[in-house]
4 protein chains.
Amino acid sequence: MSFIQTARRAQIIEAAIETVAAIGYGQASLARIAGQAEISKSVISYHFSNKEDLLEKVVEQVLSDWNASMRPLLEAEPTAAGRLAAYIRSRLAYLRENRRRVVALTEIIMNHRDADGRLVFAERDAEPVDELLAILRAGQSAGEFRAFDSMVLAMTVTQALEGAMTRWAEQPETDLATYAEELVTLFRLATDTQEPER
Amino acid sequence: MSFIQTARRAQIIEAAIETVAAIGYGQASLARIAGQAEISKSVISYHFSNKEDLLEKVVEQVLSDWNASMRPLLEAEPTAAGRLAAYIRSRLAYLRENRRRVVALTEIIMNHRDADGRLVFAERDAEPVDELLAILRAGQSAGEFRAFDSMVLAMTVTQALEGAMTRWAEQPETDLATYAEELVTLFRLATDTQEPER
Amino acid sequence: MSFIQTARRAQIIEAAIETVAAIGYGQASLARIAGQAEISKSVISYHFSNKEDLLEKVVEQVLSDWNASMRPLLEAEPTAAGRLAAYIRSRLAYLRENRRRVVALTEIIMNHRDADGRLVFAERDAEPVDELLAILRAGQSAGEFRAFDSMVLAMTVTQALEGAMTRWAEQPETDLATYAEELVTLFRLATDTQEPER
Amino acid sequence: MSFIQTARRAQIIEAAIETVAAIGYGQASLARIAGQAEISKSVISYHFSNKEDLLEKVVEQVLSDWNASMRPLLEAEPTAAGRLAAYIRSRLAYLRENRRRVVALTEIIMNHRDADGRLVFAERDAEPVDELLAILRAGQSAGEFRAFDSMVLAMTVTQALEGAMTRWAEQPETDLATYAEELVTLFRLATDTQEPER
DNA sequence: TATGAATGAGCCTTCATTCAT
DNA sequence: TATGAATGAAGGCTCATTCAT
């Protein structure tokens, strides 16, 4: 792929992210995205075979970027508890600095459907959950964590982070670093081996 | 309002719920909803002034039904901890028996926007959070709960329940009753006054 | 026709006049007219076989009322010149006191068409012109008026009055009595036997 | 703008004129106009942002064409009386050769309203009146014309020309050149300084 | 590599009319 | 005498996509 190809595609993907984040999946037509990129509509058609193709590239790009930013932070932690905390902190840190990307990603994953009404990118949503599952199960095997249903916990952590985003979207003055520490504490208590006596 | 009016409106609202739950907000056109109800498109226009009007009635109907089913269970609990557990259990119980309604509700709340791109029903989403906030703060005042950021916890509980729904939607064999108990334990640990020594 | 019939029909006709005058022929739907009359749409359908039927009754009613108000004033004048002046004055006087009726009449006559695009009430517009033609030709026979094309003059007088209405509609502070006298003078000069030397 | 753009736009404008003139403003839907032009409905949407946009372009095109055809004839006349006569003659001459355009123009100006019910192009109707006003006032200043209300006279001349159009529309055998001379005489008599003795 | 032009399908809404009650 | 209910047709408009250049 030529340099110009790559640059154009990146530009269009960026415009799609911007548009979807700003006005939502539903109103983000190719015309709007083209307008955002200040190019003609057919340029998009030329570089992407489909609207779906474009959206898929957006999802891929954001997800891989996100993973790339998180991976080294996770691997630096020796314990499962440490990795769980790092997971929470790093995801919220990414969120804080890439809000439009994450909003766009969520919009697309939650809304883009095929002709039969099925969510096309539903599985992509599961990737971060799988990541978490691995961490949690390792912690349980190592005796760091108590015996919980790891799937429930993975879902809950994932959703908690989504909730932080929602909250931040509605109240931009929310301090995400503090929010992260609250969640770290919350999930430490929820996973710790030592239950408090009662 | 005449009997026939009430019946038709209920039928249309039900068809709208069914349609939105099945194929998502974005594809749920009046034509599809009318098709689902096996009536002509203009019957909807006759009974509702707008598509937005119809959606609003759907939101209202589901939310009030939901609240009504939850209220007595909450009020039966004397302690904040009990009310928190009851909140989790009753919401998941409602979910289990009214999945289409809740899916449709979420779809509409998360997607319906006005001409300026603002989510019209955003506030309706906040109602259950406010409910939770009250419970959590009461628990803190009474010394039942530790000193956490109540907003973070309220968001997290809300999101955890939504996560249960998502999980159940994707894997229908999920046992929501067990899921509920996992969450009850999780949030008991996360809120309890007695922190474990470390 | 029963009393109640007559009253209802009159009420509906009045509402139609009001509505057409207020928002124009194009937007004056049966629903709007019914709203103006504070009755249900089907009441109109019951009393008039058609929308066209209703409009026809409106035209008839306004035209006959107008003629009735003008006739005695014309017949009181012995000379053609007097009758021409009386015609101008009386039409503008009627206009001043029945603006909504006249506006509605004009809207309907100028806009209501059948399926083939033909103006249905075009002929009704010609009635006042015929009236004028008779006056002008009588004046020419009697030697009161110079030798002009009576059709041109009849059209011009008619249009001049319409112009007064338009002007008054746009600038309500226009004094129609003064306007009438200007027109009387104008058409006296234009019709008089004695041409000024030049 | 490309050649093809210009051509298509002109074609669509022409089709709109044809359609509006033939079946009136009210029935002139985009579908009908597209049918007249033998193109698909969405071609219109592609070249004009709106139905209103199209209508505006029609009004603009006809008015500027009309003005352009009249201007040199007016400026060739040294006296106000000459300009008034030239105004009458040239407008009727334009009418004779552009009847569909003028009919369409009038239909649109008299009927197109915004959402609040206001006639959108009302002001465009006033332009020819302003032109006339200038001529009449100049004639009065120069002592060529008697002391009349110039606004009344301007309206009356304008309406007289419209009357000629109406007449011609209904009776196509009307000789507009003769009609013009009748009006020239009429308004010469009506404006001349020398009143006939009486 | 880029794009202007065109299109058919579908969107929501309004409308005059019909019909059973 | 009145009307609530229903409907099909048509309205203007947006959309993703295709195609020739």
Side-chain angles (χ1 to χ4, degrees), chain A residues 1-5 7-9 26-34 39-55, chain B residues 1-9 12 26-34 39-55, chain C residues 1-5 7-9 26-34 39-55, chain D residues 1-9 12 26-34 39-55:
Chain A
M1 200 184 318
S2 79
F3 169 73
I4 221 168
Q5 275 259 18
R8 263 279 192 260
R9 288 169 89 106
Q27 346 271 57
S29 66
L30 289 186
R32 296 268 222 160
I33 294 170
I39 56 176
S40 124
K41 225 174 22 167
S42 357
V43 182
I44 299 179
S45 294
Y46 180 74
H47 288 281
F48 300 89
S49 54
N50 248 327
K51 189 183 188 181
E52 175 156 300
D53 182 30
L54 167 58
L55 294 177
Chain B
M1 205 182 321
S2 76
F3 168 72
I4 215 165
Q5 272 262 17
T6 313
R8 261 280 190 266
R9 277 163 163 258
I12 294 168
Q27 336 256 54
S29 68
L30 289 188
R32 294 270 219 158
I33 295 171
I39 55 176
S40 130
K41 215 172 35 165
S42 23
V43 181
I44 300 179
S45 291
Y46 178 73
H47 288 281
F48 300 89
S49 51
N50 249 335
K51 189 183 189 182
E52 173 155 300
D53 182 30
L54 169 58
L55 294 177
Chain C
M1 201 183 317
S2 77
F3 168 73
I4 221 168
Q5 275 260 18
R8 263 280 191 261
R9 289 168 88 107
Q27 345 270 57
S29 67
L30 289 187
R32 296 268 222 159
I33 294 170
I39 56 177
S40 127
K41 224 174 21 168
S42 357
V43 182
I44 300 179
S45 293
Y46 180 74
H47 287 281
F48 299 89
S49 54
N50 247 329
K51 189 181 188 182
E52 175 156 300
D53 182 31
L54 167 58
L55 294 176
Chain D
M1 205 181 321
S2 76
F3 168 73
I4 215 165
Q5 270 260 19
T6 314
R8 261 281 189 266
R9 276 163 165 260
I12 293 169
Q27 336 256 53
S29 67
L30 290 187
R32 295 270 219 158
I33 294 170
I39 56 177
S40 130
K41 216 171 35 161
S42 23
V43 181
I44 300 180
S45 291
Y46 177 73
H47 287 281
F48 299 89
S49 53
N50 249 338
K51 189 182 189 183
E52 174 155 299
D53 182 32
L54 168 57
L55 294 177

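Computed from heavy atoms alone, side chains included, the values below leave out hydrogens, waters and symmetry copies. Chain A is the first sequence line, chain B the second, and so forth, proteins listed ahead of strands; every chain is numbered from 1.
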Subject >> Residue list, side chain to side chain contact (heavy atoms under 4.5 Å, CB included) with S42(C), at least two apart or on another chain >> reply: S40(C)
Original post:
Atom CZ in F48(B), atom CG in L54(B): separation rounded to 0.5 Å?
Top reply: 5.0 Å
**OP:** Working to the nearest 0.5 Å, report the span between CZ of R8(D) and OH of Y46(D).
**Re:** 11.0 Å
Subject >> Sub-4.0 Å heavy-atom contacts from residues 47-54 of chain D onto DNA chain E, ordered by number >> reply: H47(D)
**OP:** Tell me the stems DNA chain E sits in, counting at least three consecutive Watson-Crick or G-U wobble pairs, each under 3.5 Å on both distances.
**Re:** E:2-21 with F:2-21
Original post:
Which residue lies toward the 5' end of DNA chain E, R8(D) or A31(B), if each is placed at its nearest nucleotide?
Top reply: R8(D)
Subject >> Sequence-distant partners of Q5(D), side chain to side chain contact (heavy atoms under 4.5 Å, CB included), two or more places apart >> reply: M1(D), S2(D), R9(D), H47(D)
**OP:** Just jot down the side-chain hydrogen bond (donor to acceptor under 3.5 Å, both in side chains) partners of Q27(B), sequence neighbours excluded, or say none.
**Re:** none
**OP:** Hey, could you give me the CD1/CD1 distance between I33(D) and I12(D), rounded to the nearest 0.5 Å?
**Re:** 9.5 Å
Original post:
CD of E52(C) to CG of L55(C): how many Å apart, nearest 0.5 Å?
Top reply: 7.5 Å
Original post:
D53(B): what forms a side-chain hydrogen bond (donor to acceptor under 3.5 Å, both in side chains) with it, not counting sequence neighbours?
Top reply: S49(B), K57(B)
Subject >> Gap between atoms CD and C1', on Q27(D) and dA16(E) respectively (whole Å) >> reply: 13 Å
Original post:
Nearest-Å distance, OH (Y46(B)) to P (dC15(E))?
Top reply: 15 Å
**OP:** Please report the closest heavy-atom contact between K51(A) and A28(A), naming both atoms and the distance.
**Re:** NZ-O, 3.1 Å
Subject >> Residue met sooner reading DNA chain F from 5', once I39(C) and L30(D) are mapped to nucleotides >> reply: I39(C)
Original post:
With a 4.0 Å cut-off on heavy atoms, is S29(A) in touch with a base, just the backbone sugar-phosphate, or nothing at all?
Top reply: sugar-phosphate
**OP:** Specify the closest pair of heavy atoms between I44(A) and L30(A), including all atoms of both residues, with the distance to one decimal.
**Re:** CD1-O, 3.7 Å
Original post:
What is the nucleic acid contact for S2(D), judged by heavy atoms within less than 4.0 Å: base, sugar-phosphate only, or nothing?
Top reply: sugar-phosphate
Original post:
Hey, does S45(A) reach any base, or is it just sugar-phosphate, or nothing, if we go heavy atoms under 4.0 Å?
Top reply: base
Subject >> Whole-Å distance separating the CZ atom of R32(C) from the C1' atom of dT14(E) >> reply: 11 Å
Original post:
Taking for each residue the nucleotide of DNA chain F bearing the nearest heavy atom, is the 5' side occupied by S42(A) or by G26(A)?
Top reply: G26(A)
Original post:
Picking from dT7(E), dG10(E), dC12(E), which would you name as closest to the side chain of V43(D)?
Top reply: dT7(E)
**OP:** Provide the start and end nucleotides, 5' to 3', of the part of DNA chain F that has atoms under 4.0 Å from heavy atoms of chain D.
**Re:** dG11(F) to dT14(F)
Subject >> Counterpart residues, side-chain hydrogen bond (donor to acceptor under 3.5 Å, both in side chains), relative to R32(A) (two or more places apart) >> reply: none
